2 protein chains.
Amino acid sequence: MFSKSCEYAIKAMIFVAQKSKDDNRVGIKAIAKGTDAPEHFMAKIMQDLSRRKLIHSVKGPNGGFYMDKADLKTSIASIVKAIDGEVIYTDCVLGLKVCSEKNPCPVHFEFKEIKKNLIKMIENNTIADFNDKLDSGKFFLKNK
Amino acid sequence: MFSKSCEYAIKAMIFVAQKSKDDNRVGIKAIAKGTDAPEHFMAKIMQDLSRRKLIHSVKGPNGGFYMDKADLKTSIASIVKAIDGEVIYTDCVLGLKVCSEKNPCPVHFEFKEIKKNLIKMIENNTIADFNDKLDSGKFFLKNK
DNA sequence: ATAATAAAAGATAAAACTATCTTTAATTTA
DNA sequence: TAAATTAAAGATAGTTTTATCTTTTATTAT
């Protein structure tokens, strides 16, 4: 569904949101460990998210990544767009360069509804929405 | 959503179904051209589909690929499983190795419904269903 | 100022996916 | 049985994605 990078990005955003209450910051090591991701690879993704202003960072001692109130309102869709681009919005399921209502591939209308629901869902769910869930202890960002 | 190979496979199945009326056979060149796919790459995919009995083939002059009555009942889901495996059935959206009702990732329940509808759709739509559509001339397997 | 810390950036490498080219094997027709 | 045809199989190559390692830059505390 999403690229590996995007999976890590979503998990990292949820993780940092969780940890950055009371102006706390989280280092890349903790993020990697907490999301079961390779540290250096995750560092790259965090840089991407930071450059795109989905998250904030501070260098130096006591530095790390954190999210402010506004960042918490980020939707899953924004993360997906930042990392994977607009593919799930625009791309044809069968790979046609032009696939539209007027020039549809054979499965165009069958997938239309599915895609619409998927997009609606990722746009309506924000990082903040997942904070409470994680607090409950019934949801997980990694195994074991 | 699906791999490039899988996109080609679905298009090829629809194309061959379309062309294999009255015991006709289609060569790999025609399939590649008719689906806008690289010939040698498509040949590999056709071999896969043939090995997995989703399609039939005959070597030699007047040979090629064709589908019988039973083949036409193949669902999109069967093609996806043959080429991409069970990923869309089993894999966690955030990449958790174990992600279930009892051990869910944060987005598990949000994606549950989406996935259910997607699977239902690809299981209920068969190759035969697309034959009529293509006959109508209002649907396309390639651009231009 | 200096040393320590931690993100940012750059360079490299491994793996997977996509694509191409060449050879072989099977089948048909003449 | 020989030539032509076409799928099957094998070998190679390019591209993208995923991952790792090293160096640099910014910040803080001493």
Side-chain angles (χ1 to χ4, degrees), chain A residues 1-12 15-16 19-20 23-67 80 82-85 87 91 94-95, chain B residues 1-12 15-16 19-20 23-67 80 82-85 87 91 94-95:
Chain A
M1 174 108 6
F2 304 130
S3 71
K4 209 78 194 156
S5 298
C6 194
E7 291 177 11
Y8 289 147
I10 296 169
K11 291 205 280 187
F15 183 81
V16 174
K19 297 286 177 184
S20 69
D23 282 330
N24 263 321
R25 289 158 190 168
V26 214
I28 182 63
K29 280 202 180 73
I31 297 171
K33 201 166 254 178
T35 57
D36 206 19
E39 184 185 324
H40 292 95
F41 190 38
M42 185 57 106
K44 290 294 174 198
I45 295 163
M46 297 312 289
Q47 286 165 31
D48 261 15
L49 293 173
S50 173
R51 245 180 266 118
R52 289 166 187 279
K53 315 283 186 198
L54 299 187
I55 207 165
H56 289 84
S57 72
V58 178
K59 290 184 181 182
N62 304 317
F65 297 90
Y66 68 96
M67 295 172 86
V80 173
I83 304 295
D84 283 349
V87 282
D91 283 18
L94 296 189
Chain B
M1 174 106 9
F2 305 130
S3 70
K4 210 78 195 154
S5 298
C6 193
E7 290 178 9
Y8 288 148
I10 296 169
K11 290 206 279 188
F15 183 80
V16 174
K19 296 287 178 184
S20 69
D23 283 332
N24 264 321
R25 290 156 189 169
V26 212
I28 182 63
K29 280 202 180 75
I31 297 172
K33 199 165 258 179
T35 57
D36 207 18
E39 184 184 324
H40 292 93
F41 190 38
M42 184 57 107
K44 290 294 176 201
I45 295 164
M46 296 312 290
Q47 286 164 31
D48 261 16
L49 293 173
S50 172
R51 247 181 263 115
R52 289 168 188 279
K53 314 284 187 197
L54 298 187
I55 207 165
H56 289 84
S57 72
V58 177
K59 290 185 181 181
N62 303 316
F65 296 90
Y66 68 96
M67 297 172 87
V80 173
I83 305 294
D84 283 350
V87 282
D91 282 19
L94 296 189

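In this text the structure is predicted, and so the values were computed from the model without any measurement.
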Nearest atoms (heavy-atom pairs only) where A:Ser3 meets A:Asp84:
OG-OD1, 2.6 Å
Tell me: CZ of A:Phe2 to P of D:dT18, nearest whole Å?
13 Å
Would you kindly give the NZ-to-P distance between A:Lys29 and D:dT20, to the nearest whole Å?
14 Å
4.5 Å side-chain heavy-atom contact, B:Phe65 and B:Ser20
no
On the nucleotide C:dA8, are OP1 or OP2 found under 4.0 Å from the side-chain N or O atoms that A:Ser57 carries?
yes
Reference residue B:Leu94; test side-chain contact (heavy atoms from CB on, under 4.5 Å); the match among A:Ile10, A:Asp36, A:Thr35
A:Ile10
Considering all heavy atoms of both residues, which atom of B:Ile28 and which atom of B:Met46 are nearest to each other, and what is their separation?
CD1-CG, 3.7 Å
Between the CE atom in B:Met67 and the CG atom in B:Asn24, the distance rounded to the nearest 0.5 Å is 14.5 Å
Return the residues of residues 39-56 of chain B meeting this criterion: a heavy atom under 4.0 Å from some atom of DNA chain C. Order them by number, or give none.
B:His40, B:Phe41, B:Lys44
Can you tell me if B:Tyr8 touches the phosphate of C:dA19, counting only side-chain N or O atoms and a distance under 4.0 Å to OP1 or OP2?
yes
So do A:Met42 and A:Glu39 actually touch side chain to side chain, heavy atoms under 4.5 Å?
no
5' priority, DNA chain D, between A:Pro61 and A:Ser5 [closest heavy atom]
A:Ser5
Rounded to 10 degrees, the angle between the two terminal axes of the helix from C:dA1-D:dT30 to C:dA30-D:dT1, each from five pairs
0°
Tell me, do B:Leu49 and B:Val16 make a side-chain contact under 4.5 Å, heavy atoms counted?
no
Whole angstrom is fine here: how far is it from CD1 in A:Ile28 over to P in D:dT25?
20 Å
To the nearest angstrom, the CZ-C1' distance between B:Phe65 and D:dT5 comes to 14 Å
Measure the shortest side-chain to side-chain distance between A:Asp23 and A:Tyr66 over non-hydrogen atoms and say whether it is less than 4.5 angstrom.
no
Between P of C:dT28 and CG of B:Asn62, the distance in whole Å
9 Å
Can you confirm whether A:Ser5 sits close enough to A:Phe41 that some side-chain heavy atom of one is under 4.5 Å from a side-chain heavy atom of the other?
yes
On DNA chain C, more 5' by nearest nucleotide between B:Lys4 and A:Gly63 is A:Gly63
Whole-Å distance separating the NZ atom of A:Lys59 from the P atom of C:dA6
14 Å
